Amino acid sequence: MDEIAEKSDFIRDIIREDLGKSKNTKKIYTRFPPEPNGYLHIGHAKAICLNFGIAEEFNGKCNLRFDDTNPTKEELEYVQSIKKDIKWLGFDWGQQEYYASDYFEKLFEFALILIKKGKAYVCDLSADEIRSYRGTLTSPGIQSPYRGRSIEENLLLFGQMRDGLFADGERVLRAKIDMSSPNLNMRDPIMYRILRSSHHRTGDKWCIYPTYDWAHGQSDSIENITYSICTLEFEDHRPLYDWFIEALGIHHPRQIEFARLNLTYTVMSKRVLLEMVEKKYVSGWDDPRMPTITGMRRRGYTPQAIRNFCQQIGVSKADSTIDMAFLEHFIREDLNKKTHRVMGVIKPLKVILDNYPAGAQEELDAINNPEDIEAGTRKVPFSKTLYIEQDDFMEDPHPKFYRLSVGREVRLRYAYFIRCTEVVKDKDGKIVEIHCSYDPLTKGGDAPDGRKVKATIHWVSAEHSLPAEVRLYANLFNNINPLKTEEGGNFKDNLNPDSLQTVKGCRLEPSLRGAKPGDTYQFERMGYFCVDPDSQNQETLIFNRTVTLKDDWAKIKTAG
RNA sequence: UGGGGAGUCGCCAAGUGGUAAGGCAACGGGCUUUGGUCCCGUCACUCAAAGGUUCGAAUCCUUUCUCCCCAGCCA
């Protein structure tokens, strides 16, 4: 690891305290336990970095375990995507790839033990009845009439449940705890339900499936997990997990809860993300606007940026919402160091250099990455007809605008100073092209007479440039908290209709020829862009804008 | 009005009785062939509030307030 300082947060503090002097004798085990019912998102990345990170730092191990206890929602596609995303993030679970479904038999035996101890019973109440018997937040529940069944009858019935003698939902196995507990999780929670649904791993072997509450803690115990790190909402499930573990007399992991990640202007709910995909509000789980790992990867995020982000946000128990700008800071930081700079004009404006010889052309030297001189230089072709960015020319310049305007001089990066002499418009008054003169003495970008220019702009040579499509992204939602809506509304009301802007007719410098999906560049002055997989078999390259560069001019402009 | 958590700068977050780290954002300035990067500076007399203990409190005690989670045979 490249971190110099020892990482510290309340979880690591607890572990250090537990370890105490026995630092070298105790082995610590963590686990990342996703349910394969959707793709991983940046919130999962936080949990992954925590669990794998801790295991690494304390010389322990981190298991990957799929909590696949609900076959109606889980699919193989999801387990594959989850494995791919964790690997991409740079973590390795080695041989420790487990599934709660691996423990179905063991869990069944555990259930038998509880029944024999009189701590679990088969209940014939319907789902509705169970709900009403449970009581409310402020009033205790009442006991099921089946609570007093004999151990023998429970054993028989539970066996019959497994053998498929009953219809789906007809009976359940419940823990016999306390119907008047102020903690609703302790009011005889359900351990098994009858569900005739094919499981992605066990097929049709089972028609009863353990609930998460029954499977999770025991799975951790079976795997000898020492720290079961989970999110806050499981805090009041902990007494239940403790109860099961103690009733069974098996290894007792220590559960520690932390606050899940929230990000402004997006949503971390798998339910919502699934709906976005299914209802086609986005192009898929890997839509570059999605906060999913696969979406961020396609957008151009790097594993390093995500890991740095996860490390810097910290871990605590206070609900928090991280500013999207914080995430963007880390991708800029990483890409600034790594990417080659290149010139690309997104919204072209034709420039004709009246005093440049027609038919002539030359090759100019450009630096690939000023942050990394080792990255070298490249040649960029120059000629009489160029394209510059429409936004770099203003007919009536704002007082703080110091780019091109009629009569003004700017530098073309790595090329020459040019001065605008004329604007040509069509009959509708739309600017079609501009004419400029160039100063041959300023080749390379410096004026021998020492005169300065206020701006340097990017450009491409029209005849040498490559066509491209660029996809510009904005927040998926307009509201800082998309789930916060008016009465009766839902997240769809907060969808940002302008979150994707597709720009065609962009022109790129020719060095980009042959760029492959996933390749990342900084388009000078415009932002970081990466080649989208959609450009695979097309003439025209397609780029995703990962993030803009910081832009003071944009701030001035919007401030008026 | 039951139970479980949490409240330190706009957003995160250190701090755990000795007199408020750091990052992001913001705002000034320097540098600049990217209005990028980089560099410098500003940004909590105050820690949800009110009392109390103490020489001394964000840290201890009391009371109050606010927010989040729990009534799936979801996880």
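Letters go in sequence order (proteins before strands), and every chain restarts at 1. What you are looking at is a predicted structure, and each value in this text was computed from that prediction instead of being measured.
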Between the side-chain atoms of E371(A) and the base atoms of G36(B), is any donor-acceptor pair under 3.5 Å?
-> yes
T69(A) has a side chain; which of A75(B), G36(B), G5(B) sits nearest to it?
-> A75(B)
Choose from A75(B), U34(B), G15(B) the nucleotide whose nearest atom is closest to any side-chain atom of N70(A).
-> A75(B)
Report which part of the nucleic acid A318(A) touches: base, sugar-phosphate, or nothing (heavy-atom distance under 4.0 Å, all strands).
-> sugar-phosphate
For T302(A) and Q304(A), test the side chains for any donor-to-acceptor distance below 3.5 angstrom and give the result as yes or no.
-> no
Stacked cation flag R162(A) on W206(A), 6.0 angstrom / 45 deg | yes
L263(A) has an atom CG; how far is it from atom P of A25(B), in whole Å?
-> 15 Å
Indicate, with a heavy-atom threshold strictly under 4.0 Å, whether E257(A) touches base, sugar-phosphate, or nothing.
-> nothing
Remember a base hit wins even if backbone is also touched, and classify F66(A) as base, sugar-phosphate or nothing at under 4.0 Å, heavy atoms.
-> nothing
Can you tell me how far P of U37(B) sits from CD of E328(A), to the nearest Å?
-> 13 Å
Applying side-chain hydrogen bond (donor to acceptor under 3.5 Å, both in side chains), name anything that partners R174(A), two or more places apart in sequence or on another chain.
-> none
Give one of base, sugar-phosphate or nothing for L412(A), where a contact means two heavy atoms less than 4.0 Å apart.
-> nothing
Is the glycosidic torsion of C45(B) within 90° of 0, making it syn, or is it anti?
-> syn
Distance between the C1' atoms of U16(B) and G4(B), in whole angstroms?
-> 23 Å
Would you kindly say whether D365(A) and T377(A) are connected by a side-chain donor-acceptor distance under 3.5 Å?
-> no
Would you indicate what S181(A) reaches in the nucleic acid, counting non-hydrogen atoms under 4.0 angstrom: base, sugar-phosphate, or nothing?
-> nothing
Only counting residues at least two apart or in another chain, list the ones meeting ring pair (Phe, Tyr, Trp, His ring centres under 6.0 Å) with F234(A).
-> Y212(A), H237(A)
Aromatic centroids of W553(A) and Y402(A) separated by under 6.0 Å = no
Tell me what T136(A) touches on the nucleic acid: a base, only sugar-phosphate, or nothing, going by heavy atoms under 4.0 Å.
-> base
Given the options L173(A), V172(A), D213(A), I190(A) meets side chain to side chain contact (heavy atoms under 4.5 Å, CB included) only with V172(A)
Could you check how far CD of E524(A) sits from C1' of U32(B), rounded to whole Å?
-> 12 Å
Return the 5'-most residue of the pair D68(A), N336(A) with respect to RNA chain B, ranking by each residue's nearest nucleotide.
-> N336(A)
Between U34(B), A26(B), C74(B), which nucleotide gets closest to the side-chain atoms of K555(A)?
-> A26(B)
Expressed as a whole number of Å, how far does the C1' atom of A58(B) sit from that of A48(B)?
-> 12 Å
Looking at Y99(A), is R201(A) sitting on its ring face, NZ or CZ under 6.0 Å from the six-membered ring centre and within 45 degrees of the normal?
-> yes
Output row for RNA chain B, stems defined as at least 3 consecutive Watson-Crick or G-U pairs under 3.5 Å, is B:2-7 with B:65-70, B:10-12 with B:22-24, B:26-30 with B:38-42, B:48-52 with B:60-64
With sugar-phosphate meaning primed atoms plus P, OP1 and OP2, does Y209(A) contact a base, only sugar-phosphate, or nothing at under 4.0 Å between heavy atoms?
-> nothing
Below 3.5 Å is the cut-off: list the nitrogen or oxygen pairs between protein and nucleotides 67-70 of chain B, distance only.
{"residue": "C68(B)", "atom": "O4'", "partner": "D319(A)", "partner atom": "OD2", "Å": "3.4"}
{"residue": "C68(B)", "atom": "O2'", "partner": "D319(A)", "partner atom": "OD2", "Å": "3.4"}

C27(B) to A20(B) separation - P atoms, rounded to the nearest Å = 28 Å
Scan V315(A) against the nucleic acid and name what it touches under 4.0 Å (heavy atoms): base, sugar-phosphate only, or nothing.
-> sugar-phosphate
Spacing of the C1' atoms in G2(B) and C45(B) (rounded, Å) | 42 Å
In this structure, CZ of R413(A) is separated from CG of L364(A) (nearest 0.5 Å) by 12.5 Å
Any chance you could measure T211(A), atom OG1, to M191(A), atom CE, to the nearest 0.5 Å?
-> 7.5 Å
Between H216(A) and Y241(A), what is the ring plane arrangement, given parallel below 30°, perpendicular above 60°, and tilted in between?
-> tilted
NZ/K454(A): more than 12 non-hydrogen atoms of other groups inside 6.0 Å = no
Give the nucleotide from the list C74(B), A71(B), U34(B) with an atom nearest to the side chain of R525(A).
-> U34(B)
Would you please say whether a donor-acceptor pair under 3.5 Å links the side chains of N479(A) and K484(A)?
-> no
Rounding to 0.5 Å, atoms CD (Q255(A)) and CG (D242(A)) come to a distance of 7.5 Å
C24(B) to U19(B) separation - C1' atoms, rounded to the nearest Å | 28 Å
Using atom C1' of each nucleotide, how far apart are C61(B) and U1(B) to the nearest Å?
-> 26 Å
Across the strands shown, which category fits R271(A) at heavy-atom distances under 4.0 angstrom: base, sugar-phosphate, nothing?
-> nothing
In whole angstrom, give the distance that lies between atom CG of D446(A) and atom C1' of U32(B).
-> 12 Å
Among the candidates G7(B), G36(B), C74(B), find the nucleotide nearest to the side-chain atoms of E35(A).
-> C74(B)
Is P370(A) touching bases, backbone alone, or none of the nucleic acid, heavy atoms closer than 4.0 Å?
-> base
Does the separation of the ring centres of Y301(A) and F330(A) fall below 6.0 angstrom?
-> no
For nucleotides 46-48 of chain B, give me every protein contact, N/O to N/O, under 3.5 Å, one pair per line with atom names.
none

Starting at CG of D392(A) and ending at C1' of G36(B), how long is that distance when rounded to a whole Å?
-> 14 Å
To the nearest angstrom, how far is D178(A) atom CG from G3(B) atom P?
-> 14 Å
Say whether, by atom type as modelled, one donor and one acceptor occur between the side chain of N369(A) and the main chain of K337(A) under 3.5 angstrom.
-> yes
Whole angstrom is fine here: how far is it from CZ in R134(A) over to C1' in G3(B)?
-> 15 Å
Provide the distance between the two P atoms, one in G22(B) and one in U42(B), to the nearest whole Å.
-> 11 Å
G52(B) versus A21(B) - spacing of their P atoms, nearest Å | 28 Å
Nearest whole angstrom, please: distance from the P of A75(B) to the CD of E74(A).
-> 7 Å
Counting any heavy atom closer than 4.0 Å, what does I190(A) reach on the DNA or RNA strands: base, sugar-phosphate only, or nothing?
-> base
Protein-nucleic acid N or O pairs under 3.5 Å, nucleotides 22-24 of chain B:
none

With RNA chain B as reference, determine whether Y528(A) or S8(A) sits nearer its 5' end, using the nearest nucleotide of each.
-> S8(A)
Flag the pair E35(A) and K73(A) as a salt bridge only when some basic side-chain nitrogen lies within less than 4.0 angstrom of an acidic carboxylate oxygen.
-> no
